[in-house]
Amino acid sequence: MNRRNFLQSAAMAAASGSRSYSASDKVNIAVMGVRGRGRNLTSVFCGLRDVNISYFCEVDPRVIPRVAKIVEDAGRAQPKVIGDIRRALDDKSIDAIVVATPDHWHAPATILGCDAGKDVYVEKPASHNLREGRLMIEAARRNNRIVQLGTQSRSRASTQKAIEYIKSGKIGKVVAAKAWNVQRREDIGHKPDTAVPPGVDYDTWTGVAAAMPFNENRFHYNWHWNWNYGTGDAGNDGVHQLDMARWALGVDTPTEVSGSGGKLFFDDDQRTPDTINVTYNYPGNKLLIFEMRIWAPYGMDEQENGVAVYGSEGMVHIGRWERAWGYKVFDRKGKLVLKEEEGKDDPHGDSHARNFVECVKSRRAPNAEIEIGHTSTIQCHLANIVVRTGRNLKFDARTETIAGDPEANKLLRRSYRKHWATPKNV
């Protein structure tokens with residue numbers, strides 16, 4: 001069974017386990033994590049008239065006023081504020097949860113949501129570690145749930161057109177692509193451990209991760225750069241470009257990953273790489289290069305983060321120029337022959353959220369269905385493991401393991417503390 005038929009079959013099976021919706025029915029959701037990305041998603045879902053935000057699940061009450069203002073400005077009723085997602089999962093009126101937490105909560109919350117009969121929109125990357133991604137798929141399948149990953153390019157019209165152009169054969173035989181994440185991040189400096197801020201439920205925030213003392217450089221946003229909670233910028237931003245590149249190449253998981261990287265620039269509390277340069281080899285003689293430099297202010301090819309797809313008769317660049325998403329086509333001599341943009345960008349993924357809500361109602365597979373999302377996230381995990389071990393890897397897609405490297409295989413999973421959200425079979 002090919003991937004498309006599998007996803008269609010999964011969606012058909014999902015239809016049997018869910019209530020029916022009319023076009024005018026509202027989808028009731030709970031948003032888990034409402035700072036940063038969760039605040040943006042609140043704005044997006046407030047803009048969908050057939051969506052009702054019933055709950056905010058947040059462990060830091062200091063962030064509630066800003067997100068409550070978004071709801072007020074949208075003329076919507078204020079959601080109930082809770083600190084434990086299980087309250088929303090126990091509410092039979094809730095149809096779906098939106099997970100915008102740190103990475104270490106993505107899989108536990110998604111699995112809990114699916115097991116509670118809720119559909120899930122979960123932000124990227126799919127998982128904190130590779131094993132969790134497979135558990136997310138299994139949870140979606142056994143509960144007949146719709147799960148969408150927040151890789152918004154899958155629903156972006158200009159990116160879809162670019163992929164169609166590439167697959168049409170107009171740039172000839174395509175065997176290689178490059179994805180890059182080149183931008184200037186801030187030096188976060190060094191900070192001491194401190195007491196937990198008043199009102200913050202740090203134990204719930206920590207969740208399934210190993211307990212560590214509170215530190216501002218491991219909390220809001222800066223958790224991205226600590227392995228206990230995040231996946232570095234490969235999982236934070238790189239997943240978007242890697243997803244588009246493998247989509248354009250028509251590949252799934254690599255057989256080999258080679259390269260190097262490390263923390264080469266910053267002298268601060270970050271623990272994840274600031275530099276990665278890896279190459280993925282895929283069945284069918286296709287190759288993908290990923291470059292990440294989060295200390296570079298100049299980007300590449302007139303954009304910070306982008307994708308180049310190389311064919312025998314030309315190449316296509318996909319990305320954002322002056323905050324407008326689009327794509328450019330170059331002929332075999334490197335001359336620009338086509339440029340398409342869709343106006344100023346869809347910064348918060350409105351079309352992606354719209355796709356999710358429509359799939360909740362129709363029970364069709366969404367554009368970034370969790371297996372698609374897991375496969376793209378695998379690329380991030382393998383890049384990080386190459387850097388962490390300092391070795392090239394051979395990957396077995398059937399078992400989702402690294403051949404002949406026990407140390408590297410340990411990094412496909414994590415250690416969990418005893419917690420109510422710890423997934424089974426981890």
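When reading the values below, keep in mind they use all heavy atoms of this one structure, side chains included, and skip hydrogens, waters and symmetry mates.
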Between Ser54 (side chain only) and Ala30 (backbone N and O only), is there a donor and an acceptor less than 3.5 Å apart? no
Is a side-chain N or O of Arg131 found less than 3.5 angstrom from the main chain of Asn425, in a donor-acceptor match?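 Yes, because the side chain of Arg131 sits within donor-acceptor range (under 3.5 Å) of the backbone of Asn425.
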Under the side-chain hydrogen bond (donor to acceptor under 3.5 Å, both in side chains) definition, can you give me all pairs with a residue in residues 104-114, not counting sequence neighbours?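 Found none.
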Quick one: list whatever passes salt bridge (charged side-chain N to carboxylate O under 4.0 Å, His left out) with [X], sequence neighbours left out.
| X | answer |
| --- | --- |
| Asp267 | none |
| Lys286 | none |
| Arg332 | Glu313 |
| Glu123 | Arg37 |

Mind checking side chain to side chain contact (heavy atoms under 4.5 Å, CB included) for Val387 and listing every partner two or more places apart, or none if nothing turns up?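 Only Pro273, Ile276 meet the side chain to side chain contact (heavy atoms under 4.5 Å, CB included) criterion with Val387.
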Residue pairs involving residues 176-187 (criterion salt bridge (charged side-chain N to carboxylate O under 4.0 Å, His left out); sequence neighbours excluded):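 Applying salt bridge (charged side-chain N to carboxylate O under 4.0 Å, His left out) to every pair that reaches into residues 176-187, excluding sequence neighbours, yields Lys178-Glu291, Arg185-Asp233, Arg185-Asp237.
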Can you run down the salt bridge (charged side-chain N to carboxylate O under 4.0 Å, His left out) pairs that involve residues 218-228, sequence neighbours left out, and say none if there aren't any? Asp193-Arg218
With His381 via ring-ring contact (aromatic ring centres under 6.0 Å, His included) - residues at least two apart: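 Per chain and number, His381 pairs via ring-ring contact (aromatic ring centres under 6.0 Å, His included) with no residue.
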Salt-bridge test for Asp50 and Lys26: reply yes if a basic N is under 4.0 Å from a carboxylate O, no otherwise.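 Looking at Lys26 together with Asp50, the answer is no, because their closest N to O distance does not fall below 4.0 Å.
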Report, one line per pair, each donor and acceptor closer than 3.5 Å where one atom sits in a side chain of residues 163-171; sequence neighbours left out.
from: Lys167; atom 1: NZ; to: Trp247; atom 2: O; distance (Å): 3.1
from: Ser168; atom 1: OG; to: Tyr165; atom 2: O; distance (Å): 2.5
from: Ser168; atom 1: OG; to: Lys170; atom 2: N; distance (Å): 3.4

Can you tell me which residue pairs pass the ring-ring contact (aromatic ring centres under 6.0 Å, His included) test with a partner in residues 34-59, sequence neighbours excluded? Phe45-Tyr121
Output side-chain donor-acceptor pairs under 3.5 Å for residues 295-303, partner residues at least two apart or in another chain, one line each.
from: Trp295; atom 1: NE1; to: Thr275; atom 2: OG1; distance (Å): 2.8
from: Glu302; atom 1: OE1; to: Lys328; atom 2: NZ; distance (Å): 3.0
from: Gln303; atom 1: OE1; to: Arg320; atom 2: N; distance (Å): 3.1

